Structure formats: C-alpha cells, structure tokens
Amino acid sequence: KEIQKDFPILKREIMGNRLVYLDNAATTQKPCAVIDALVDYYSNHNANVHRGIHTLSEEATELYENARNKVAAFIGASPDEIIFTKGATESLNRVAFEYGLSILKPGDKIVISNVEHHSNLVPWQVLAQKTNATLVYLEVDAEGKISLEDARNVIDSSTKIVAVTHASNVLGTIFPIKEIAQIAKKHGAIVCVDGAQAVPNIKVNMQSLGVDFYCFSGHKILGPTGIGVLWGRKALLEKIPPFEYVGGMIDTVSYDSATWAEVPYRFEAGTPNVADAIGLGAALDYVTALGMDSIREHEIMLNTVALDLLLKIKGVNILGPLNAEERTGLISFTVEGIHGHDIAAVLNSLGIAVRSGHHCAMPYHKKLNISASTRASWYIYNDAEDIKALADGIEKAKQMLG
C-alpha cells in the first residue's frame with residue numbers, strides 16, 4: 001500500500017471502478033521519482049550532452065553518464081559496454097544487422113525458440129533470408145520449458161548465433177539461459193538474449209550468464225518509454241561497424257573520410273535520448289532501493305495466489321508452467337468458449353487492465369491453435385486483492401458471455 005502511493009496513476013478510476021492495473025508485461029507505471037527526474041531535467045538542466053563547456057551541458061552530460069553507470073551496475077557490466085537505444089526491439093535489430101550480418105554465410109544456423117516475441121523472431125528471419133542462413137527453432141514443451149537435451153541436439157558446429165528470450169512474455173517461463181549459453185559456447189556460437197521480461201523481475205548479471213549480447217526496455221522496469229539498453233561484450237562491440245552516422249559518434253572528419261569514437265559512443269549517433277536515460281536511472285534507483293530479491297519474493301507470492309484462484313475456475317486453461325517459481329509475474333490464459341478480447345473487454349468495464357491477443361507471438365499461438373489469449377501481469381504495486389478482482393472478473397465474464 002505504501003508503494004502504491006508513489007504511483008499517481010493508480011488513483012484513477014475506470015468506469016467508476018478503482019484501476020486494477022494488470023498489464024505490466026506490456027509496460028509498467030511510473031513512480032513519482034521517475035516523473036520528478038524528468039521534470040527536474042527539463043526544468044533545470046536541459047542541454048545537449050558531450051559537446052558543450054557551459055554549465056547546463058556539463059550537468060546534462062554528468063546526469064546522462066550517471067544513468068549509464070547505473071544501468072551497468074544494475075546488470076553487472078562495465079559502463080563502456082552499455083549502449084542506449086529506444087528499446088529492446090531496436091537493440092535486437094542492431095545485434096542482428098550490425099553483428100549478425102557481418103558474420104553469417106550460407107548454410108550457417110541461427111537458433112531461436114519457437115515462443116519468441118516478434119522482435120526476436122522477425123529480424124532473424126530477415127537476416128536468414130539476406131544471408132542464406134538457416135533459422136532453426138528450439139521447441140518449448142507442453143509445460144512451457146526448453147529442454148536442454150533438445151538444445152544440445154539443435155545447437156551444433158554450424159550454429160553461429162543463438163538468440164533466445166530470458167523470460168517468455170506469453171508463458172512467463174524463465175528459461176535456463178546460462179546453461180543454453182554454455183552449450184552454445186562449446187560450438188563457438190554467439191548468444192544474444194531478449195531480457196525485456198527478465199530484467200524487471202529477476203536479478204541478472206552479465207558476468208555470470210555467459211552471454212554476448214543482452215537487450216531490454218526501460219518502460220518495463222518503471223522507466224520512461226523510448227529508452228532501452230543494448231549490452232554487448234566490448235571485444236565484440238569493437239568489431240561492429242556503426243549503424244548510424246554523425247553526431248556524437250565521430251572522432252575525426254575530413255572531406256574524404258571519417259573515424260569513429262570509442263565504444264559505446266560510436267553507436268549513439270545524433271542527440272541521444274538524454275531525459276529518458278536519466279528517467280531510467282531513477283527507475284533503477286527505485287527498484288534497487290526495494291531490492292530485487294524482495295521484488296521477486298512478492299512476485300512469487302502473487303503467482304501462487306493467481307495460480308490457485310484461476311485453476312479453480314472451470315474452463316480456464318493456463319499457458320506455461322504451473323509452478324509459481326518457474327515464471328515471472330504473468331499468466332496468459334484462455335477461457336473455454338469465450339474469445340480473449342471479450343474477456344479483456346469485460347474486465348476493463350470493471351476497471352481491470354489486462355492484454356489480449358497474440359502478445360507479439362503469433363506463430364506460437366497458431367501452433368497451439370489459439371486465436372487469442374488473455375494475459376494478466378503484476379508488479380510491485382499489485383497485491384492479492386488485485387488478483388482476487390481478476391478472478392472475480394473472469395467469473396463475471398463467464399456469466400455474461402458463456
């Protein structure tokens with residue numbers, strides 16, 4: 001209840017009902033600390049970074065680079081390996097088309113899972129088409145898990161890139177990235193991870209995971225929209241050509257040629273998203289003060305309540321593992337005989353915000369022969385009362401639509 005007071009939007013009412021916000025896997029709400037950081041920047045420090053010697057520019061530069069330092073500390077990395085992007089989608093595209101395009105040749109394999117978000121599927125599809133590489137899928141089993149035995153069979157000497165989500169935005173499953181990376185490394189493959197759903201919910205550390213690239217979005221961990229992170233091993237980043245040119249990414253320019261700035265600045269062309277990077281830094285301060293262990297403990301508690309209540313509702317089918325500790329704070333489900341959009345519409349009339357559809361995982365829904373699922377996802381400001389409201393809302397939807 002104290003945490004809820006930090007989030008102004010939670011005071012809203014929807015159709016005469018209190019807002020029960022259960023769409024956190026899509027985007028999280030913002031605490032006053034983040035909102036205030038944005039207002040403070042624009043009110044007191046607004047200037048372009050890295051280029052000015054006047055006071056405002058120096059202050060803005062310090063705030064921006066402090067945000068980079070905070071991101072690095074949060075994921076166990078070095079600041080010179082942190083590249084700010086506009087989100088996980090851009091980060092994953094950059095890995096595919098800046099790094100992947102430079103190493104792939106016909107016959108090489110790109111391995112991904114069959115439950116990937118479109119952002120970690122479509123870029124690799126296009127890249128495979130451009131390079132005549134082969135896209136191969138790790139199958140997620142009936143319990144929503146990736147078998148390490150299957151990974152050993154699929155990942156071989158022809159595999160050059162393994163790109164897998166750390167936690168599924170459909171199933172909630174937390175996948176064994178460290179073990180998958182170890183298998184990939186035995187064959188010399190590079191490992192790229194979509195961490196958008198993992199970073200807000202579990203501790204991640206780039207040194208212990210053993211991966212090569214890691215991507216996530218700020219808006220899923222209380223930060224602003226429009227800011228994301230691409231982490232890459234510096235030795236690999238130094239081999240990658242820039243994706244965009246000019247602005248702060250240059251070192252020298254003549255009429256005939258140009259040279260590039262050091263990593264990571266060579267990948268941040270033009271005026272960066274200074275304000276939202278600072279906002280992301282404030283968001284990481286907020287969750288760090290709460291403690292990621294505490295956040296995870298709270299999430300598991302809500303998972304336990306949700307699984308218990310939803311499994312008692314006749315006709316509800318839950319996608320993914322039924323163990324509260326094996327998933328992040330989300331549950332996608334179907335209700336027999338009722339379309340997911342209709343469930344979401346009834347819940348919205350009760351003030352409950354959920355998401356329905358394919359959740360940017362259309363191939364996986366087609367594989368399951370599901371036209372749409374409904375996804376409820378919770379975070380630090382949700383409580384058991386919210387989960388109870390969800391269960392009651394589903395029962396009401398059944399009564400109205402069943």
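Everything quoted here is computed from the prediction, not taken from an experiment.
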Which atoms form the tightest heavy-atom contact between [X] and [Y], and what is the distance?
X      : Y      : answer
Leu92  : Val193 : CD2-O, 4.4 Å
Asn303 : Ala324 : ND2-O, 3.0 Å
Leu222 : Thr28  : N-OG1, 2.7 Å
Val154 : Tyr137 : CG2-O, 4.4 Å
Pro200 : Tyr379 : O-OH, 2.7 Å
Leu148 : Ile183 : O-CD1, 3.8 Å

Do [X] and [Y] touch side chain to side chain, with heavy atoms closer than 4.5 Å?
X      : Y      : value
Ile352 : Leu22  : yes
Gln197 : Ser377 : no
Arg12  : Ile14  : yes
Tyr214 : Ile75  : no
Thr89  : Asn93  : yes
Val191 : Phe213 : no
Asp23  : Val354 : no
Lys234 : Ser78  : no

Is atom [atom1] of [X] surrounded by more than 12 heavy atoms (other residues, nucleotides or ligands) closer than 6.0 Å?
X      : atom1 : result
Glu179 : CD    : yes
Gln207 : CD    : yes
Lys86  : NZ    : no
Arg355 : CZ    : no

Pair [X] + [Y]: ring centers closer than 6.0 Å:
X      : Y      : value
His50  : Tyr265 : yes
Trp260 : Tyr245 : yes
Tyr21  : Phe7   : no
His358 : His118 : no

**OP:** Sort and list the pairs that fulfil salt bridge (charged side-chain N to carboxylate O under 4.0 Å, His left out) and have at least one residue in residues 94-112, not counting sequence neighbours.
**Re:** Glu90-Arg94, Arg94-Glu98, Arg94-Glu244, Lys105-Asp108, Asp108-Lys160, Lys109-Asp156
Rounded at 0.5 Å granularity, tell me how far [atom1] in [X] sits from [atom2] in [Y].
X      : Y      : atom1 : atom2 : result
Glu325 : Glu297 : CD    : CD    : 10.5 Å
Ile82  : Glu268 : CD1   : CD    : 10.0 Å
Glu238 : Arg233 : CD    : CZ    : 13.5 Å

Subject >> Residues Tyr381 and Asn24: side-chain donor-acceptor under 3.5 angstrom >> reply: yes
Original post:
Any chance the side chains of Thr252 and Thr259 put a donor and an acceptor closer than 3.5 Å?
Top reply: yes
Original post:
Ser217 side chain to Lys220 main-chain N or O, any donor-acceptor pair under 3.5 Å?
Top reply: no
